[in-house]
Amino acid sequence: MMVATEFITIEEITSVMEEVIERFLIPRFNELGMNASGDWIKSVGPAAEPGKGIIMGLDYTKYLTKGREPGKRPPVSALERWAKAKFGLSDKQAESMAWAVAKKIEKSGTTWYQKGGSDLLEVLEEQQTVNWIMLKLGEKATPRIQEELLRQLRG
């Protein structure tokens, strides 16, 4: 007898995950005004081990979701790249802004931290997203399940 995982291929699971990213996660990221360089959007995708149901992003995803608490200064070089991308600043302007922002974050935390975090990843658990995933997986699995049931009935 077949098990449920044999009704949906790893490639199909990965494809559905990629669609979830494009249809739900990236739009939420953009709605929240988080995009600066586009690096996060380019990086987000199914985990290296396909079919695991895991979505990976750059290491600073945790700061996009929870914010960064005060107490430790973030890397200025990363903030320089952010300032250039987000505001179109020159190298000198970006460096100056990056130092000011780094000191402010060290003292007060990020705006997302002060707001209690963002709902970026919650979009993956929202009923609309879950329903869409179930629909897509069901569309792929149902014909195979029906075929298997008929095969067993003919037995």
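The structure displayed is predicted, hence computed values, not measured ones.
Between the side chains of T9 and E12, at least one donor N or O sits under 3.5 Å from an acceptor N or O. With no hydrogens or angles considered, no side-chain donor-acceptor pair links S37 and W82 at under 3.5 Å.
Criterion: ILVMFWY side-chain heavy atoms under 4.5 Å apart, direct or through other members. Under it, F7 and L149 are part of a common hydrophobic cluster. Cluster annotation: Y60 and I105 are assigned to distinct hydrophobic clusters (Ile/Leu/Val/Met/Phe/Trp/Tyr, side-chain heavy-atom contacts under 4.5 Å, transitive). Cluster annotation: I133 and L25 are assigned to the same hydrophobic cluster (Ile/Leu/Val/Met/Phe/Trp/Tyr, side-chain heavy-atom contacts under 4.5 Å, transitive). Under the 4.5 Å side-chain heavy-atom criterion for grouping Ile, Leu, Val, Met, Phe, Trp and Tyr, L58 is connected to L121 within one hydrophobic cluster. Note: the hydrophobic cluster containing I41 also contains L32 (ILVMFWY, side chain heavy atoms under 4.5 Å, direct or indirect links).
Note that CE of M17 and CD1 of I13 are 8.5 Å apart. Values are rounded to the nearest 0.5 Å. With values rounded to the nearest 0.5 angstrom, I26 atom CD1 is found 10.5 Å from L120 atom CG. Rounding to the nearest 0.5 Å gives a distance of 10.5 Å between CG of D119 and OG1 of T65. Atom-to-atom distance recorded for M134:CE and N131:CG is 8.5 Å, nearest 0.5 angstrom.
Sequence neighbours left out, the pairs with a member in residues 55-74 that pass salt bridge (charged side-chain N to carboxylate O under 4.0 Å, His left out) are R73-E106.
Legend: residues meeting salt bridge (charged side-chain N to carboxylate O under 4.0 Å, His left out) with E31, ordered by chain and number and at least two apart, are R28.
Of all the heavy atoms in S118 and M34, the pair that sits closest is OG-CE, 3.4 Å. The shortest heavy-atom contact between I21 and G45 is CD1-CA, 3.4 Å. Taking every heavy atom of both residues into account, G109 and Q114 meet most closely at O-NE2, 3.4 Å. The two residues T110 and G67 come nearest to each other via the heavy atoms OG1-CA, 3.3 Å.
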(request) Please lay out, stage by stage, how Q128 and F24 fare under the test side chain to side chain contact (heavy atoms under 4.5 Å, CB included). (result) CA-CA 9 Å; Q128 177 185 4; F24 298 101; 4.1 Å; yes
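Alongside W99, the hydrophobic cluster contains V76 (criterion: ILVMFWY side chains under 4.5 Å).
In this structure the side chain of M97 reaches within 4.5 angstrom of the side chain of L89, judged on heavy atoms. Side-chain contact between L79 and P74: present, with at least one pair of heavy atoms (C-beta onward) separated by less than 4.5 Å. Counting only heavy atoms from C-beta outward, the side chains of V16 and K140 approach each other to under 4.5 Å. Side-chain atoms of Y113 and P70, non-hydrogen and from C-beta on, do get closer than 4.5 Å to each other. Inter-residue side-chain proximity for E18 and P46 is flagged as met; some heavy-atom pair is nearer than 4.5 Å.
Aromatic pair W40/F29: ring centres closer than 6.0 Å.
Here the side chain of S96 pairs no donor or acceptor atom with the backbone of K92 at under 3.5 angstrom. Distance alone, capped at 3.5 Å, places no donor-acceptor pair between the S15 side chain and the E11 backbone. Side chain of T129 to main chain of V123: a donor-acceptor pair is present (N/O by atom type, distance under 3.5 Å, no hydrogens or angles).
Note on K84 versus D91: salt bridge recorded, some NZ/NE/NH1/NH2 to OD/OE distance being below 4.0 Å.
More than 12 non-hydrogen atoms from other residues, nucleotides or ligands lie less than 6.0 angstrom from CD of E19.
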